[in-house]
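Heads up: the structure comes next, in structure tokens.
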4 protein chains.
Amino acid sequence: MKNQNLTRAKRTRDPDSKRTAIYEAAARLFTDHGYENVSIAKIAREAGIAVGTVYRFHDTKLTLLRAMLEGVEDAFVTRMASDWACDGTYAERIERMCYGLFEVAEDNLDLLKLLNMTTDIVFTDGSLPGDRIQNQIRIMYTEAMNVGASHQGDPHMMAAIAHGMVEGAMVRWMRLGAPKDIDAAAQLALVFKDGFMTNAA
Amino acid sequence: MKNQNLTRAKRTRDPDSKRTAIYEAAARLFTDHGYENVSIAKIAREAGIAVGTVYRFHDTKLTLLRAMLEGVEDAFVTRMASDWACDGTYAERIERMCYGLFEVAEDNLDLLKLLNMTTDIVFTDGSLPGDRIQNQIRIMYTEAMNVGASHQGDPHMMAAIAHGMVEGAMVRWMRLGAPKDIDAAAQLALVFKDGFMTNAA
Amino acid sequence: MKNQNLTRAKRTRDPDSKRTAIYEAAARLFTDHGYENVSIAKIAREAGIAVGTVYRFHDTKLTLLRAMLEGVEDAFVTRMASDWACDGTYAERIERMCYGLFEVAEDNLDLLKLLNMTTDIVFTDGSLPGDRIQNQIRIMYTEAMNVGASHQGDPHMMAAIAHGMVEGAMVRWMRLGAPKDIDAAAQLALVFKDGFMTNAA
Amino acid sequence: MKNQNLTRAKRTRDPDSKRTAIYEAAARLFTDHGYENVSIAKIAREAGIAVGTVYRFHDTKLTLLRAMLEGVEDAFVTRMASDWACDGTYAERIERMCYGLFEVAEDNLDLLKLLNMTTDIVFTDGSLPGDRIQNQIRIMYTEAMNVGASHQGDPHMMAAIAHGMVEGAMVRWMRLGAPKDIDAAAQLALVFKDGFMTNAA
DNA sequence: AATGAATGAGTTTTCATTCAT
DNA sequence: GATGAATGAAAACTCATTCAT
């Protein structure tokens, strides 16, 4: 997708194209059949490469999964941070963030489903899938709380609850087929604002 | 010629003791290592019985898991329904229900963790783990909405969001070691009331 | 079927009735699913008795099979001998024997099929299923040969060929559903007479 | 975490050497102990390869058996057809065919025994081991009958009987150690001709 | 760098047999 | 004598990972 060297033979593919092919194949397969039910051989076949080549990019099947999950998490965290950093009232920023989350979700449907399916994978730093998203939520909550825009509460627990809301909304939205016309973001934003914001905010 | 078993068959003590031993061993192991990473052999060893005996009680490894999950779900649903049926304002009933949930959680710690880890198992009726709890939440939400105690919203999506909140709070609470002294229920109730109740309620 | 003590409670069953029940259940099941695919538990259930009871009558699953096979073989051998002992020309006796074989077959359909399916079981005396039938054929052939009614030939080989003819005809007949109206016996007798008898006979 | 293989992968010598090794090991073991009493592990050990390698060539234990049986059947059918297609009287052609059968048998001793032991395996097309051979016999019989060289009879039943004769002779011959000096073919041909040919032929 | 054949430990599940009741 | 719960060895099959080509 990036630099396709049209003057070269097909054999010399962009190394990134293979990495991408692995990701895409794995995302689809993991999502459809579950991590444990997908073999590296199947991923390789689906990606159009050899088994050994998968191992050039990922030391382990688990490593591959983790890389994928970290990828989606990054996308969400990045978007949340940037949406939150915009101008506006807290209510506006929350709303914007909710819409942002679903936009990222739309771009990463397979991986999102995978992220929600995968709760028993531990990363090397001891964290779990979703933790980085939850951390980001906690940062935002703490900031809001400190300026009196949020009710007082334990930031960790509050972030956990908020994160659960997001997950719940997204899982529901995905089970409906992730339709564009249903405004899951709006409903999420509503509960979010009422549940966490003070009247002052 | 094939199997000459040097069996030392054990006595049949309590008829239910084995069933219980299986449940407890499986709950601990599934929870600690994940469903896919626990073999029936491991469960049997942990339960102090033979592999074949596990199969006397559960046709399949998956069957065993389902039975366990349905058990916890039932406990939650039953308790929610009974707490909700009590007298009091909606706010009071919500609060009572939140405390009730954590009481049930305390009694089913291993299984609760299992329930939250297990999101990609499909039951024979097509439902997923947690669905029955979410259904119960939807029932309550709809009732409240119909009398004007809740904001208007799609009951399915609202129930999904509420369910996510509960899960988020419980997972957090469990990661803290499920301490009795931290009032996760209170914080959950707070967000619950603010997030869903109208001022009128 | 023999002595049903009508004055006693049902519990005191004729010990032979159990033996019979086992035979019948095993015959049907072995025939339908193959020896290896039928468990003693299934036989016991089908026979309406306990697993342990099967073992009161037969030391081993293999022992049970052997007893059954010997049973059918005996039936065939006995009938062949008696039919052969009757008066008449050799041709008549052959014909009578062929009809006799199919009469026995009709009475032992399940076991017959089992006998034909089972070629790799070795009896304790080193013989194989069918051997006793083949022996009987050899006796008859030798007798006929000695009086000049049969072509000269190695009795063992001739008996093996004749036995194969019988088996072939019966297997075919069974695959047609063992119909009464198709005269397999007649066709068998025809080839038998032409193939083995001299013109003199 | 799961499989750390201390693998010493071997070189890929002859591409077909493994396939052949599997066939030979399986033929010997199936023949000696019966299909059901031979595990894939045993075959692999005997063939000097790993279990998984067996599965690279055959999807299933049953598939392996079928491939082997079809191999022998083909050999027999092909030879019968070619022998039958030669010039000569029917008697000569029958005789030639009988000798041909035993030549093929000599080249496929293990598999032949397997073919005769295996009567309860059903192929995907519903046919049974031996059916193709019997079909070929029926074709020949029908042809002979149509020109008046054979007695009249139901071709299916006649083919079954003839097929049984062949099997009987071969089994006997194998139990004698498949000796070259005993003329099983001649005896078979004799009964064959007398049993099926008309005087006119 | 890429390939994919080979490996073998590990999984789920079955079942002949035993023996305490 | 009858029962059937309990046993655990064994089987078919899978698949992450390696490494010679």
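Chain letters run A, B, ... following the sequence lines, proteins first, then strands; residues in each count from 1.
- Separating the CD1 atom of B:Ile22 from the C1' atom of F:dA6 is a distance of 11 Å, rounded to the nearest angstrom.
- Between B:Lys18 and the phosphate of F:dA6, there is a side-chain N or O to OP1/OP2 separation shorter than 4.0 Å.
- For DNA chain F, runs of at least 3 consecutive pairs of the Watson-Crick or G-U wobble type, with both hydrogen-bonding distances under 3.5 angstrom, map to E:2-21 with F:2-21.
- Evaluation of the ring-ring contact (aromatic ring centres under 6.0 Å, His included) rule for D:Tyr35 yields D:Phe30 as partners, not counting sequence neighbours.
- Atom P of nucleotide E:dA2 and atom CZ of A:Arg45 are separated by 19 Å, given to the nearest angstrom.
- Evaluation of the ring-ring contact (aromatic ring centres under 6.0 Å, His included) rule for C:Tyr55 yields no partner, not counting sequence neighbours.
- If you take CZ of D:Arg56 and P of F:dC15, they are 15 Å apart, rounded to a whole angstrom.
- Residues from residues 25-33 of chain A that place a heavy atom under 4.0 Å from any atom of DNA chain E: there are none.
- Put simply, CD on D:Glu36 is 16 Å from P on E:dT14, counting in whole angstrom units.
- One atom, CD1 of D:Ile40, and another, P of F:dA11, lie 11 Å apart when rounded to the nearest Å.
- Within 4.0 Å (heavy atoms only), B:Val54 reaches no atom of the nucleic acid at all.
- Residues forming a side-chain contact (heavy atoms from CB on, under 4.5 Å) with D:Asp131 (at least two apart in sequence, or on another chain): C:Arg175, D:Ser127, D:Leu128.
- Remark: C:Asp32 engages no residue in a side-chain hydrogen bond (donor to acceptor under 3.5 Å, both in side chains) (not counting sequence neighbours).
- Using a 4.0 Å cut-off, no side-chain N or O of B:Ser39 falls inside it from OP1 or OP2 of E:dG10.
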